[in-house]
Asker: 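Following this message is one structure expressed as structure tokens.
Each chain gets a letter, A, B and so on, in the order the sequences are listed, and its residues count up from 1.
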There are 2 protein chains.
Amino acid sequence: MSIETHETRVKILDAALHLLQSDNPGATRMADIARQAGISRQAVYLHYKTRAELLIAATLHLDHISNTEQRLEASRSANTGLERLDRYIDAWGNYIPVIYPVATALMAMQKTDTAAASAWNDRMQAMRHGCAAAVKALSDDKQLTPHYTNRQATDLLWTLLSVSNWEQLTLLCKWSQKTYISHIKSVARNTLVV
Amino acid sequence: MSIETHETRVKILDAALHLLQSDNPGATRMADIARQAGISRQAVYLHYKTRAELLIAATLHLDHISNTEQRLEASRSANTGLERLDRYIDAWGNYIPVIYPVATALMAMQKTDTAAASAWNDRMQAMRHGCAAAVKALSDDKQLTPHYTNRQATDLLWTLLSVSNWEQLTLLCKWSQKTYISHIKSVARNTLVV
DNA sequence: AGTTTCTATTGACATGACGTCAAGTAAAAC
DNA sequence: GTTTTACTTGACGTCATGTCAATAGAAACT
């Protein structure tokens, strides 16, 4: 029985996600989350000692209810390096909009809160492993450009697929999600594939 | 006589930049800036009504003392589109480390402070104009790939050259500034040039 | 049934940062 | 010699996080 199955905890996490996904995510305070969850502000602290801890739990909860593992399964079962690259971009690129609200909140705390910083860092390192696997698959297929080392190619793909880039291209440049995915795929190919 | 030539204002802005460039930039409070400038905390507010206003003034001050205009002059005087692209990446890419500390502070305020958000947005739009000019120069030379519209090519270059990407590649991936510049140039070429 | 434990409640309080206000001072400008 | 300007000190208001103490009800154990 995971810690997140406790009824009140689920209520808290759902409330937090709901508010972070609303029109004014920046104004999501502990008191708002408590009110939304239907409990007292102090009760939230009985379950999560700090705001950072709550937000971290919210991302894990979101992973859980969004079948993150399943999304990434498709890329792992690809037959060629190129296919793996495309599928990874599909999986991760389409997951970004889902985690974006809570990711933003967590990233905003990075400067002040080391727990939040390392939690977000862990997630990004996990994502980087997916990039490294795609690069390795390309390399095994002799499809990786010799222009960069495997390490550098991974760094580039990792950076290309960053949340910030998604934010800039879709929210600021008004690209549709579909355009984002297809163009990122083409940039990745042009950058990494011979 | 510009507003930044006032002796005390210069002291305040220099103090702010000094602290933001120190080992713990996140902990730069108004009181710290005042102490560093050698004046009382309240005196800072005589010159800058809010923290956001101070940070915005600090970026302009930094532009001023870093000869930003001169840096960008080189790219404008290029003869070919390719040359212009390379020189623009040199100019902006090497300016990022200079503005990074204050940029980080300003970006961190974006969520809560609309003045900070729009100030940073203005700067980024100005940078985007440089990208658009480079893309147009490529297009005029028939060197721009037909894969994207001019607008989309500008969006991509703009995103590629973002502060976040610089941060990720140099600070997280430990690329040297030199590697960053040369690899970004190669990605830009592979992405945008026929 | 009685006691302990768990969860939650209310209300008060500490902390830290931004920003404001009022009263006073010292030097420059008129 | 008076006014203006820039600054000082010290107190105060606000807002959000996080803490603490006293209380209450319900489930769980003996």
Asker: What are the residues of residues 14-34 of chain B, sorted by number, that bring a heavy atom to within less than 4.0 Å of DNA chain C?
Answerer: B:R29, B:M30
Asker: Should we say atom NZ of A:K11 is surrounded by more than 12 heavy atoms from elsewhere, each under 6.0 Å from it?
Answerer: yes
Asker: When the distance from CZ of A:R41 to P of C:dC13 is rounded to whole Å, what number comes out?
Answerer: 14 Å
Asker: To the nearest Å, how far apart are B:K11 NZ and D:dC7 C1'?
Answerer: 10 Å
Asker: Whole angstroms only, please: what is the CG-P distance between A:L46 and D:dA22?
Answerer: 17 Å
Asker: Can you tell me how far CG of A:N165 sits from CG of B:D155, rounded to the nearest 0.5 angstrom?
Answerer: 12.0 Å
Asker: Quick check for you: among C:dC18, D:dG18, C:dA8, whose closest atom lies nearest to any side-chain atom of A:H6?
Answerer: C:dA8
Asker: Return no unless some side-chain N or O of A:H47 is found under 4.0 Å from OP1 or OP2 of C:dT7.
Answerer: no
Asker: Between P on C:dA17 and OH on B:Y45, what's the gap in Å once rounded to a whole number?
Answerer: 11 Å
Asker: Would you give the length of the straight line joining atom OG1 of A:T104 to atom CH2 of A:W120, rounded to the nearest 0.5 angstrom?
Answerer: 8.0 Å
Asker: Do the rings of B:W175 and B:H183 sit parallel, tilted or perpendicular, given the 30° and 60° boundaries?
Answerer: perpendicular
Asker: Looking at D:dC7, C:dC18, C:dA12, which one has an atom nearest to any side-chain atom of A:Q42?
Answerer: C:dA12
Asker: Any side-chain donor paired with an acceptor under 3.5 Å for B:Q125 and B:W158?
Answerer: no
Asker: I want to confirm an ordering. Mapping A:I39 and B:D113 to their closest nucleotides on DNA chain C, which one lands closer to the 5' end?
Answerer: A:I39
Asker: What's the CG-C1' distance between B:L55 and C:dG19, to the nearest Å?
Answerer: 15 Å
Asker: Could you check if a side-chain atom of B:Y180 sits within less than 4.5 angstrom of a side-chain atom of B:I96, using non-hydrogen atoms only?
Answerer: yes
Asker: With the side chain of B:T8 defined as its heavy atoms from C-beta on, choose the nearest nucleotide among D:dC7, C:dT9, D:dT17.
Answerer: D:dC7
Asker: Measure the distance from CD on B:E53 to C1' on C:dG19 and round it to the nearest whole Å.
Answerer: 13 Å
Asker: Which whole-number value in Å describes the distance from B:Y48 OH to C:dC18 P?
Answerer: 16 Å
Asker: Quick one: does B:Q168's side chain get under 4.5 Å of A:S164's, heavy atoms only?
Answerer: no
Asker: Rounding to a whole Å, what distance do you find between B:R35:CZ and C:dA17:P?
Answerer: 10 Å
